[in-house]
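Both counts, for ligands and for their atoms, begin at 1 and track the order of listing.
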Amino acid sequence: MSEKAELILEGKSFQLPVVVGSENEKAIDITNLRQETGYITLDSGYKNTGATSSAITFLDGEEGILRYRGYPIEQLAERSNFLEVTYLLVKGELPTKEQLDAFAEKIKMHTLIHEDMKRFYEAYPTYAHPMGVVASITCSLSTFYPKSLNPNRSKDQVDLTITRLLAKFPTIAAWAYKNSVGHPVAYPKNSLGYVDNFLHMMFSLPSQEYEVDPVITSALDKLLILHADHEQNCSTSTVRIVGSSQANLYSSIASGCIALWGPLHGGANQAVIEMLDVIRNDGGDVMKFVAKAKDKDDPFRLMGFGHRVYKNFDPRARIIKKACDDVLNKLGIHDPVLDIAKKLEEVALNDEYFVERKLYPNVDFYSGIIYRALGIPVDMFTVMFALGRLPGWIAQWQEMIDHKEPIGRPRQIYTGATTRDYVNIAERG
Ligand code: ACO
């Protein structure tokens, strides 16, 4: 007999099914809880709530494990490339050489964005944050491809939308950067690979073509792989919940960008560099800032530290820390904030406050230092994260559609006023 959980409410016993995942993850299925008992569960921030069953990414925060479709992140970061990982996430299996080539070719056919969209960029002020621009333009794709709005979409239509998103997102992102520095945009160059094409659109100027540098390509490729999916995080849950209303895929991905933007999520990579710069400009006293982070009356937090799920080292942070050293060495760059970051990490990892709360560096702690070494400006960091996360969002959206999941609609416990009669304004005291 399969295991059940017993719940006793008002002296009555209820049996709840227990669900076990392929990695022995356990859950109590409360699908019929309200119907059977009249009760709901309360779980602010969904800290204990499984919103779905998913076969995409496995994450064990206690053990520091991360796998995409069963493949350890360490192996993928070392031996795969971003386009292959994209295929793996979106299609479910690693591609053969022919499948990967065909996938890459298909994407290359769609890298241009409609010329009319260039006018959108011209309308934004140059000080517009690129993340706001990227989210808006991504949402605007839905206005250029109205067939994507039909919730009864065919498989071909969905495939085309996915291809368009994967192909156009680097163009959208790079053009947001060009806009922010007031430079003319660089059109995609389809002779280049996915990552090199992005770098070309970021850094080519009318007067000087970007020259591919394998050190930079490989570092960026690795960063994108590490960000490609992370199961039911804030932005992914947002994509799934927006998509569950049958909103089109472009808008669902745009909403993921918005959720990612916040400094407690993908915006942390920008916040980390800004924090390291502040510490440096303040004289580099790491202890002072650790003390601030521990002070409950001070809103300051150590950005890039802590994670909702990892209560052991974030495995991505380990890989990034090493990649950071490698890239800076290979490029011959000495960034003084790297020294501050390492010192900060060392102090925090030995401090009782951080040890007790299991606060370790997360993926964002070192990624900003690499981005900066690659010549990517701070405002673009979260956009880089979004570029990496795009295949994960798409795979999660697709899975939600395939599972025919119902519209996402949590409940609440109401704590406001009970019923009272309306009083005319003249009679109010
Ligand atoms: N600096 C100082 N104290 C911290 C930090 C931090 N970075 N992170 C958590 N804490 C403390 C909290 O104050 C709390 O202490 P308390 O128990 O004494 O009240 C305890 O650790 C638990 O923290 P919560 O905020 O309850 O943990 P939660 O799981 O809700 O938040 C989060 C996780 C948002 C990532 C948090 O650790 C944080 O704000 N970190 C800094 C921002 C950051 O780096 N975000 C990127 C996350 S990775 C990503 O999204 C890609």
Would you call the rings of [X] and [Y] parallel, tilted or perpendicular if under 30° counts as parallel and over 60° as perpendicular?
| X | Y | result |
| --- | --- | --- |
| Tyr310 | His307 | tilted |
| Phe305 | Phe354 | perpendicular |
| Phe203 | Tyr210 | tilted |

Seminar exercise, completed: Heavy-atom proximity to atom 6 (C) of ligand 1, picking from Leu302, Thr382, Val309, points to Leu302
For this session: Would you tell me which option among Lys311, His227, Arg301, Lys358 has the nearest heavy-atom contact to atom 36 (C) of ligand 1?
Result: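 Answer by nearest heavy atom: Arg301.
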Exercise. Looking at OG1 of Thr236 and CD of Glu231, how far apart are the two atoms once the value is rounded to the nearest 0.5 Å?
Worked result: 8.5 Å
Residue, atom name and distance, where the atom is the protein heavy atom closest to [atom]:
| atom | result |
| --- | --- |
| atom 48 (S) of ligand 1 | His307 CD2, 3.6 Å |
| atom 42 (C) of ligand 1 | Met303 CE, 3.4 Å |
| atom 35 (C) of ligand 1 | Gly306 O, 3.7 Å |
| atom 40 (N) of ligand 1 | Phe305 O, 2.9 Å |
| atom 11 (C) of ligand 1 | Tyr353 OH, 3.5 Å |

Any side-chain donor-acceptor pair under 3.5 Å between [X] and [Y]?
| X | Y | result |
| --- | --- | --- |
| Tyr39 | Glu10 | yes |
| Asn81 | Asp221 | no |
| Glu6 | Ser13 | yes |
| Ser54 | Glu399 | yes |
| Asn248 | Ser148 | no |

Atoms of ligand 1 less than 4.0 Å from [X] heavy atoms?
| X | result |
| --- | --- |
| Asn362 | 43 (C), 44 (O), 46 (C), 47 (C), 48 (S) |
| Gly304 | 43 (C), 44 (O) |
| Ala293 | 2 (C) |
| His265 | 46 (C), 49 (C), 50 (O) |

Check if [X] has a non-hydrogen atom at a distance under 4.0 Å from any atom of ligand 1.
| X | answer |
| --- | --- |
| Lys296 | yes |
| Phe385 | yes |
| Phe300 | no |

Would one find an N or O of [X], backbone or side chain, under 3.5 Å from an N or O of ligand 1?
| X | result |
| --- | --- |
| Arg308 | yes |
| Arg316 | no |
| Ala268 | no |
| Gly266 | no |

Establish, yes or no, whether a centroid distance under 6.0 Å links the rings of [X] and [Y].
| X | Y | value |
| --- | --- | --- |
| Phe300 | Phe289 | yes |
| Phe120 | His114 | no |
| Tyr187 | Trp175 | yes |

Exercise. Does Tyr68 reach the main-chain N or O of Ile225 with its side chain, forming a donor-acceptor pair under 3.5 Å?
Worked result: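 Such a contact is found between Tyr68 side chain and Ile225 backbone.
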For this session: May I ask you to decide if Leu166's main-chain N or O and Tyr194's side chain share a donor-acceptor pair within less than 3.5 Å?
Result: yes
Heavy-atom distances under 4.0 Å decide this one: backbone, side chain, both or neither, for [X] against ligand 1?
| X | result |
| --- | --- |
| Arg357 | side chain |
| Leu264 | both |
| Lys47 | side chain |
| Asn233 | neither |
| Leu359 | side chain |

For this session: Taking atom 22 (C) of ligand 1 as the reference point, report whether a protein heavy atom occurs under 4.0 Å from it.
Result: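 Neighbour list for atom 22 (C) of ligand 1 is empty of protein heavy atoms (cut-off 4.0 Å).
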Exercise. Any non-hydrogen protein atom below 4.0 Å of atom 31 (O) of ligand 1?
Worked result: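 No, there is no protein heavy atom closer to it than 4.0 Å.
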Exercise. Is there side-chain contact between Gln232 and Gln396, with at least one heavy-atom pair below 4.5 Å?
Worked result: yes
